[in-house]
S.K.: 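Supplied in structure tokens, the structure appears directly below.
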Amino acid sequence: MLQSKPSKSRSHWWARWWVWTIAVGVVALPIGAWSVVAALSPKPFNLRGEFTLGPAAHVRNGPVGCKGGNGYEDITEGTQVTVSSAAGEVLAVGELGNSAWLSSTLTCRFRFMVPDVPSDHEFYQVEVSHRGKVPTDEATARAGMTQLTLGG
């Protein structure tokens with residue numbers, strides 16, 4: 001009887017296949033794991049809100065916008081806004097933006113934005129200048145609904 005001997009190229013085919021499979025797995029597994037972790041990691045957000053200073057005794061109305069006066073001179077466009085964790089760790093810093101005089105309430109309103117706030121905290125503390133931290137929850141902060149007042 002004749003027996004055929006498997007060709008050398010055919011017997012090594014499985015060995016080459018396993019080597020390639022393992023090599024691809026070694027490269028692809030860390031990349032895939034990193035992609036999953038990155039996709040599941042909370043994304044930072046921009047905390048937006050409004051800061052109101054008033055009544056009129058504390059506000060200086062100018063030709064362009066308004067600012068603090070009578071002991072509130074530190075409140076002006078560009079004043080630092082700090083976002084901290086509930087434990088007091090500073091997470092992100094922004095500033096007061098454009099101001100607007102509200103004649104109906106005799107107050108000065110500033111819009112503000114703090115970029116890149118980490119989103120892995122249930123509660124935050126927001127502070128304008130050195131005027132005291134005000135708590136807010138993540139849902140309010142993400143929705144741009146953070147409202148702060150001073151002097152009223």
S.K.: Check whether any side-chain heavy atom of Ile75 sits under 4.5 Å from a side-chain heavy atom of Leu96, and report yes or no.
M.R.: yes
S.K.: Other than Met145, what residues sit in its cluster of Ile, Leu, Val, Met, Phe, Trp and Tyr side chains whose heavy atoms are under 4.5 Å apart, directly or through others?
M.R.: none
S.K.: For Thr79, enumerate each residue passing the side chain to side chain donor-acceptor pair (under 3.5 Å) test, keeping only those at least two apart in sequence or located in another chain.
M.R.: none
S.K.: Go through the structure and list residues passing side chain to side chain donor-acceptor pair (under 3.5 Å) with Asn70, not counting sequence neighbours.
M.R.: Arg60
S.K.: Considering residues at least two apart in sequence or located in another chain, which fulfil the side-chain contact (heavy atoms from CB on, under 4.5 Å) criterion with Glu122?
M.R.: none
S.K.: Taking the side chain as C-beta and beyond, is there a heavy-atom pair between Val59 and Thr107 under 4.5 Å?
M.R.: no
S.K.: Would you list the pairs meeting side chain to side chain donor-acceptor pair (under 3.5 Å) in which at least one residue belongs to residues 134-145, sequence neighbours left out?
M.R.: Ser119-Arg142, Asp137-Thr140, Glu138-Arg142
S.K.: Which residues pass the side chain to side chain donor-acceptor pair (under 3.5 Å) test with Glu77, sequence neighbours left out?
M.R.: Ser99
S.K.: Enumerate donor-acceptor pairs with a distance under 3.5 Å from any side-chain N or O in residues 45-54 to protein atoms, sequence neighbours excluded.
M.R.:
{"unit_1": "Asn46", "atom_1": "OD1", "unit_2": "Asp116", "atom_2": "N", "d": "3.3"}
{"unit_1": "Glu50", "atom_1": "OE2", "unit_2": "Arg111", "atom_2": "NH1", "d": "2.5"}

S.K.: Could you pull out the closest heavy-atom pair between Pro115 and Gly94, with the gap in Å?
M.R.: CD-CA, 4.2 Å
S.K.: Out of curiosity, Phe110 CZ to Lys67 NZ, how far, rounded to the nearest 0.5 Å?
M.R.: 10.0 Å
S.K.: What side-chain donor-acceptor pairs closer than 3.5 Å can you find for residues 81-88, not counting sequence neighbours?
M.R.:
{"unit_1": "Thr82", "atom_1": "OG1", "unit_2": "Gln80", "atom_2": "NE2", "d": "3.0"}
{"unit_1": "Ser85", "atom_1": "OG", "unit_2": "Ala87", "atom_2": "N", "d": "3.3"}
{"unit_1": "Ser85", "atom_1": "OG", "unit_2": "Gly88", "atom_2": "N", "d": "3.4"}
{"unit_1": "Ser85", "atom_1": "OG", "unit_2": "Glu89", "atom_2": "N", "d": "3.1"}

S.K.: Answer whether the closest heavy-atom distance between the side chains of Val117 and Pro44 falls below 4.5 Å.
M.R.: no
S.K.: Determine which pairs satisfy disulfide bond (SG atoms under 2.5 Å apart) with at least one residue from residues 62-98, sequence neighbours left out, and list them in order.
M.R.: Cys66-Cys108
S.K.: According to side chain to side chain donor-acceptor pair (under 3.5 Å), who are the partners of Thr146, at least two apart in sequence or on a separate chain?
M.R.: none
S.K.: Is Leu102 isolated, or which residues cluster with it under the ILVMFWY side-chain rule of less than 4.5 Å, directly or via members?
M.R.: none
S.K.: Applying the 4.5 Å side-chain criterion to the ILVMFWY set and letting contacts propagate, would Met113 and Leu91 be lumped into a single cluster?
M.R.: no
S.K.: Return each pair, listed once, that meets ring-ring contact (aromatic ring centres under 6.0 Å, His included) where at least one residue sits in residues 64-102; pairs must be two or more places apart or across chains.
M.R.: His58-Tyr72
